[in-house]
A.B. asks: 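Please find one structure pasted underneath; my questions will follow.
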Amino acid sequence: MTPLPSNKLQEAFSSRLTGSQQKAVFHLDGPLLVIAGPGSGKTRVITFRIAALIDSGVPPYNICAITFTNKAADEMRQRAVALGASGGAHISTFHSLCVRILRRYAAFAGVNPNFSIYDDSDQLKCIKQAIADCGFDTANFPPARMLDAISTLKNKLIDDDTFKHQADDFFSKTLSKIYLRYQQILKDLNALDFDDLLMDAAFLLEKHSEVRADLGNRFKFLLIDEYQDTNHAQYRIAKALASAHNNICATGDPDQSIYRWRGADIRNILDFERDWPNTLVVRLEENFRSTPGILEVADRLIAHNHSRKEKRLIVTMPSAGRVAIEQYEDEAAEALGIAENIEKLVAEGVTLGKIAVFYRVNAQSRALEEVFIRSKIPYQIVRGVEFYNRKEIRDVLAYLKVFVNPADRVALLRIINTPARGIGKTTIDKLQNFAARRNIGLYEALKHISNILSISKTTAAKLIAFLTMIEGFKKQVPLDIGDSPDIKSKIENRKFSVASLAELVFSESGLEQSLAAEGAEGKDAIANIESLISAAARYDQETENPSLVDYLQRISLFSDVDAYDTSAERVALMTLHSAKGLEFDNVFIVGVEDGLLPHERSVDFDDETEEERRLFFVGITRAKTNLCITFAKYRQIRGQLLRTVPSQFLFELGLSFSESTRSVVPESCFLGPEQGTHFQSEKESFVSSCLGGEKNYKSSIINHKLSPRFHRGDIVVHKKFGIGTVKDFADMGENSVVTVAFNTGQTKSLHLKFAKLVKI
DNA sequence: GCGAGTTATGTTTTT
DNA sequence: CATAACTCGC
């Protein structure tokens with residue numbers, strides 16, 4: 001029964017694959033784990049395997065490949081076809097796959113297939129209501145924190161009912177109540193959040209053997225890329241999908257696991273061999289991407305992670321390019337320096353599409369953007385979801401969501417008075433009360449408006465006009481026919497267009513009119529909606545059977561990198577997380593400072609610092625030829641100009657400290673493989689020169705150089721509170737707290753880190 | 001009911 | 001600093 005690709009194909013592939021890659025690609029039967037470093041061709045192995053499977057006679061229909069982003073799925077699809085594989089294999093992300101499964105087996109899963117998918121801001125509204133419904137205060141139970149806790153539970157497949165029985169302490173019991181209520185709200189609104197997609201799909205597969213058998217029969221070969229970043233729910237889904245045949249192939253690199261904070265469980269990859277007996281493990285250790293200098297730096301960095309199996313990166317590329325570390329005064333100078341570097345590269349003949357800048361947090365893109373605009377360097381910020389988060393876009397989409405899923409109260413509340421049509425808070429409250437009393441949905445309540453006595457005739461008329469308008473739009477939407485082909489063919493005579501419906505909504509709802517009346521800002525908004533409509537038109541064109549539900553569910557799962565236009569000759573700006581899976585000839589990594597990378601929210605725990613190190617490792621290993629790492633002496637954070645401390649990671653790369661300029665690097669320095677051995681000793685001397693053998697060099701630098709000290713009785717000026725007298729000073733280095741009695745009469749304890757206090 | 005203006009607040013990474 | 005959540009006057 002072992003399928004085998006034709007000799008012709010084996011030969012063709014063999015010339016393009018290394019020995020270990022061949023071993024992985026042609027081991028078509030039974031579990032396979034590919035553990036491989038960056039740039040070793042993990043994704044390539046999966047793509048080739050798809051082609052090999054199809055060539056060996058497996059129908060494409062029986063193949064299911066899971067990628068980390070939709071973008072990666074698209075690329076894999078194209079590359080497989082380029083290798084001669086016919087289309088038809090299912091390639092998607094876990095989330096997209098789950099949506100398909102939940103829709104197809106909606107009856108088993110107990111969901112209405114027209115469900116809305118709720119993102120953070122929708123979730124926030126629901127959790128706030130859940131907290132309020134339970135009689136708790138959002139001050140004691142921060143909505144975001146609660147959502148986070150619930151998300152963690154869902155990723156572990158602990159549903160609200162299960163959690164109720166294991167909650168034993170006060171916090172858990174409170175959380176349990178909120179969790180139960182939150183799930184009830186989502187259910188009432190026929191909505192699923194991102195984590196529900198995975199959890200519900202996992203339970204569906206585990207509880208219904210017929211579904212499992214059906215899907216096991218459908219997907220006879222399961223391939224999963226980036227396995228190190230799967231969470232427990234995804235693991236259980238994979239387990240269920242492969243249970244019938246054990247034809248599972250996973251590829252991953254524990255050193256590139258960067259989503260632990262989101263529930264990714266590194267044990268999934270570490271325990272793979274235990275989970276699937278008789279696994280063939282293939283290690284790909286050669287790196288075909290980066291030059292030796294880059295790999296040496298990467299290797300040196302990742303070696304500082306203790307909880308890791310040692311793994312070498314074997315160099316195959318010739319020595320070329322450079323690794324530079326540059327220090328700047330502040331983020332503006334840093335951005336300017338990068339712009340100059342880019343101009344130099346361009347002068348050498350490099351095209352902009354081969355350059356990328358990575359940063360830890362999205363806010364860092366601003367400084368770069370400003371300079372790039374001034375320097376006239378074309379760039380693209382890789383932030384796909386941002387577009388769909390714009391107010392006007394969300395407004396149009398909310399209309400569409402209501403057509404498909406009238407129970408979606410979040411969407412309905414958004415549009416009921418957008419644009420303003422005289423339906424205010426009081427009316428909405430009355431409507432909600434009525435709906436709650438009758439135990440019906442809000443949309444249902446609109447239909448019984450005449451029964452709400454407290455609502456005046458004129459207001460009722462407005463509500464009726466709104467309802468009539470929505471009902472009119474809904475007539476344009478064909479009934480959702482799901483996946484059943486027999487009914488499908490009967491209704492097929494008319495091709496539905498999302499774009500024309502969106503256009504109709506825009507012009508007829510009054511949105512266009514109200515935006516047009518707004519002037520310049522409205523103009524931008526109109527332009528955005530127009531590009532939404534053209535994107536929808538593209539969807540109509542590319543999709544065989546465009547449907548509104550499918551469209552809405554699809555854009556809900558849109559990720560940042562999905563918007564990345566690889567063909568554009570523009571510098572790509574993105575977060576280190578988004579950079580995963582990509583590669584560029586020239587890479588800049590900015591803001592490598594303590595508190596930013598590693599991020600301040602992660603420095604308290606060693607395992608989190610290790611994840612930050614992996615994140616930096618991922619960034620470094622994206623570079624093929626040139627790598628430039630930058631940091632600044634001062635950085636504006638949340639409006640405050642702060643003196644920064646170079647990241648500990650810089651020393652781990654082997655940076656030296658210049659005593660004469662008291663800076664970490666004179667102006668810039670180059671690291672290369674030949675410099676190797678000296679770094680450790682130089683780091684030691686740097687630390688001891690700063691603090692004479694103490695361990696915590698971070699705060700010492702600040703104390704030494706810039707943290708002013710205050711004494712009782714000092715007169716100080718504060719930006720906001722004015723003049724005052726120092727009452728107390730708690731010297732804690734960068735965390736020092738000053739207590740000041742201001743002349744306004746108030747006494748304040750201020751963190752030196754944040755407050756700008758000047759001694760006079 | 002509505003919008004302008006003010007004040008509090010919270011700050012990572014994302015499918 | 002940037003945004004969400006308020007207040008207030010029309």
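So you know, we letter chains A, B, ... as the sequences are listed, proteins then strands, and number each from 1.
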A.B. asks: Could you go step by step and tell me if A/Asn389 and A/Asp119 meet the side-chain contact (heavy atoms from CB on, under 4.5 Å) rule?
C.D. replies: CA-CA 10 Å; A/Asn389 274 334; A/Asp119 67 8; 4.0 Å; yes
A.B. asks: Touch check for A/Thr427, heavy atoms < 4.0 angstrom, all strands: base, sugar-phosphate only, or nothing?
C.D. replies: sugar-phosphate
A.B. asks: Is A/His599 stacked on the base of B/dT12, meaning ring centres closer than 5.5 Å and planes within 30 degrees of each other?
C.D. replies: yes
A.B. asks: May I ask whether A/Phe68 stacks on the base of B/dT15, given the cut-offs of 5.5 Å between ring centres and 30° between planes?
C.D. replies: no
A.B. asks: Between P on B/dT13 and CD on A/Gln256, what's the gap in Å once rounded to a whole number?
C.D. replies: 21 Å
A.B. asks: Along nucleotides 3-10 of chain C, 5' to 3', which nucleotides get a B, which get an S, and which get a -, given that the test is a protein heavy-atom distance under 4.0 Å?
C.D. replies: --S-----
A.B. asks: For A/Phe358 and B/dT14, give me the distance from atom CZ to atom P, rounded to whole Å.
C.D. replies: 13 Å
A.B. asks: Between atom CG in A/Asn155 and atom P in B/dT14, what is the gap in whole Å?
C.D. replies: 16 Å
A.B. asks: Counting only heavy atoms from other residues, nucleotides and ligands, does the tally under 6.0 Å from NZ of A/Lys187 exceed 12?
C.D. replies: no
A.B. asks: For the P atoms, the ones on B/dT13 and on C/dA4, what distance do you get once it is rounded to whole angstrom?
C.D. replies: 15 Å
A.B. asks: Of all residues at least two apart in sequence or in a different chain, which pass the side chain to side chain contact (heavy atoms under 4.5 Å, CB included) check with A/Arg390?
C.D. replies: A/Phe387, A/Glu392, A/Ile393, A/Asn528
A.B. asks: Without decimals, in angstroms, what is the distance between A/Ile637 CD1 and B/dT11 P?
C.D. replies: 16 Å
